[in-house]
Number of protein chains: 2
Amino acid sequence: MSEVESFFKSAFSVDNVIFGFDGSDLKVLLIQRGAAPFKGKWALPGDLVYPNEDLDTAAERVLEQLTGLRGVYLEQVKAFGAVNRHPLGRVITIAYYSLIKISDYSVTPASFAQSAKWHSLGEVGELAFDHNEILDNCLKELKHKVRMAPIGFELLPPKFTLTELQQLYESILETELDKRNFRKKILSMNLLQDLDEVQEGVAHRPAKLYRFDRKRYVKFVAEGFSFDI
Amino acid sequence: MSEVESFFKSAFSVDNVIFGFDGSDLKVLLIQRGAAPFKGKWALPGDLVYPNEDLDTAAERVLEQLTGLRGVYLEQVKAFGAVNRHPLGRVITIAYYSLIKISDYSVTPASFAQSAKWHSLGEVGELAFDHNEILDNCLKELKHKVRMAPIGFELLPPKFTLTELQQLYESILETELDKRNFRKKILSMNLLQDLDEVQEGVAHRPAKLYRFDRKRYVKFVAEGFSFDI
DNA sequence: CGACTTATTGTTATTTCGACACAATGTAAT
DNA sequence: ATTACATTGTGTCGAAATAACAATAAGTCG
């Protein structure tokens, strides 16, 4: 049995759906595979898990190698383990998704030879392996989670306007929201800190800037408050 | 490298949290381990995944070998992959939970030497491996899911009373519900079929029996209805 | 200064939610 | 037959959340 055959007899990997938001579209970061199988195809960034590495650690490593970012929001979704999902052998993969600020992402990661590119969700074609299925599952999970926990802020810069926040939610949920009702609801949660600053360089009335108050959120949760949009 | 060492170099398993309901308590089916490691300790039923076996299939197999049941509700929760979670080597496990009717469960499964026993959730002590953590995660997922989808019926016999249904929800959610409000809400969904039968053999006014109408539920979902308690 | 663009704000009708108590229907015992 | 007992089954009302809806304010640009 060759080295490769032996390794692939039973292996596990992590795959990471990295979401970003460019102000109007929800995007996902994909890499173009440089080697077989599926050479040339777009795929989710992922890697085999090292023998002495926790699953979560492996997911963080993949993310950091590709984006240079550490400490960002990252969550496991589920495992995919169909027998024939990997053409070279039995590999189950654990899917994660993470939320990053596109502005923090450096375009030229040194450690990956593959080209990486942001794709709008509508423009994602056929991916390698079962990655379309993984992406669908992660997106579904994101849609759900973003309504139950204040994770949307992970996709925005530290200072943002209410309109930007609303556009983010509209992109993720793929629905239109009423402006007045949205603002009422968000502001009534008392999770946003009014920075007494306004946008600059816009050709119209500048909007006020807010910041998500994480400390206050933690305190509210301890008191029984639950986020719900 | 011995056979065992080689196998455990990298393996994956499934573990199954099997929930049941005895009319007043939510229970979980545990086995007592007959071999090292953790010999004698209570544990979740689980097994290594065969090389040519899908994850879901493996979970179904574990469930059937222990209970004799097929085609019951079963759902993956997540993977657990801490490096040292298994003392003999690197084994990640995929956790599932399933819902069965205790009355369908045959007490003496042939294929498992270990003794299996229903445990009330309050009486679960320290389990083998990281199984307490897995159980906690599955229970949390069940609590969440049972409010979003009509899966509670999987734990009840085909014919049940509204009081039984309410007690089930109270057990799972660990909270008391108002009788009138609960009945109003459940009945307004039009998912229960009034069987025009009543309980027999009870020493008081017998309650009407209902059945969950799965076909109607599927139809309603197609029309945009969403279950919510 | 006028045209333009986006930000900001409040009211009302409708629906949902939560609290709450008593009469009806059966069995069991005398 | 009557009574005690246990559990089922039902309606209202106030509070709170939700959804629909449009006009004015604050900037920039030419």
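Labels below follow one simple rule: chain letters A, B, ... track the order of the sequence lines, proteins then strands, and each chain is numbered from 1.
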Please list, chain by chain and in numerical order, all residues satisfying salt bridge (Lys or Arg N to Asp or Glu O under 4.0 Å) with [X], sequence neighbours excluded.
X	answer
A/R216	A/D213
A/D54	none
A/K41	A/E126
A/E75	A/K145

Review point. Taking five pairs at each end of the helix from C/dG18-D/dC13 to C/dT30-D/dA1, what angle separates the two helix axes (nearest 10°)?
Key: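 That helix gives 10° between its end axes.
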Quick one: [X] [atom1] to [N] [atom2], roughly how many Å, whole number?
X	N	atom1	atom2	answer
A/D228	C/dC17	CG	C1'	14 Å
A/E197	C/dA7	CD	C1'	17 Å
B/L209	C/dG26	CG	P	14 Å
B/I229	C/dT16	CD1	C1'	15 Å
A/F182	C/dA7	CZ	P	13 Å
B/K208	D/dT7	NZ	C1'	15 Å
B/R183	D/dG11	CZ	P	12 Å
A/K185	D/dA16	NZ	P	16 Å

**Study point:** Sequence neighbours excluded, every pair satisfying side chain to side chain donor-acceptor pair (under 3.5 Å) that has a member inside residues 176-187 of chain A
**Key:**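 Every side chain to side chain donor-acceptor pair (under 3.5 Å) pair that includes a residue of residues 176-187 of chain A, provided the two are not neighbours, is A/D178-A/N181, A/N181-A/K184.
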Practice item. Enumerate the residue pairs fulfilling side chain to side chain donor-acceptor pair (under 3.5 Å) with a member in residues 153-163 of chain A, sequence neighbours excluded, ordered by first and then second residue. Key: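 Residue pairs passing side chain to side chain donor-acceptor pair (under 3.5 Å), neighbours aside: A/E154-A/R214, A/K159-A/E197.
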Could you list the donor-acceptor pairs under 3.5 angstrom formed by side chains in residues 204-211 of chain A, with sequence neighbours left out?
from, atom 1, to, atom 2, distance (Å)
A/K208, NZ, A/D194, OD2, 2.9
A/R211, NE, A/Q193, OE1, 3.4
A/R211, NH2, A/Q193, OE1, 3.0

**Study point:** Proximity of B/F160 and B/F153 rings by center, below 6.0 Å
**Key:**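 Distance test on ring centres: under 6.0 Å, yes.
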Exercise for review: Please identify each residue that fulfils ring pair (Phe, Tyr, Trp, His ring centres under 6.0 Å) with B/F227, with sequence neighbours left out.
Suggested key: none
Review point. With B/Y96, which residues qualify under ring pair (Phe, Tyr, Trp, His ring centres under 6.0 Å), at least two apart?
Key: none
**Study point:** Nucleic acid contacts - residues 156-177 of chain A versus DNA chain D, non-hydrogen atoms under 4.0 Å
**Key:** none
Point to revise | CD (A/E200) with more than 12 external heavy atoms under 6.0 Å | key: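 Not buried by this count: 12 neighbours or fewer within 6.0 Å.
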Review point. Just by protein heavy atoms under 4.0 Å, how would nucleotides 20-30 of chain D read 5' to 3' in B, S and -?
Key: BBB--BBBSS-
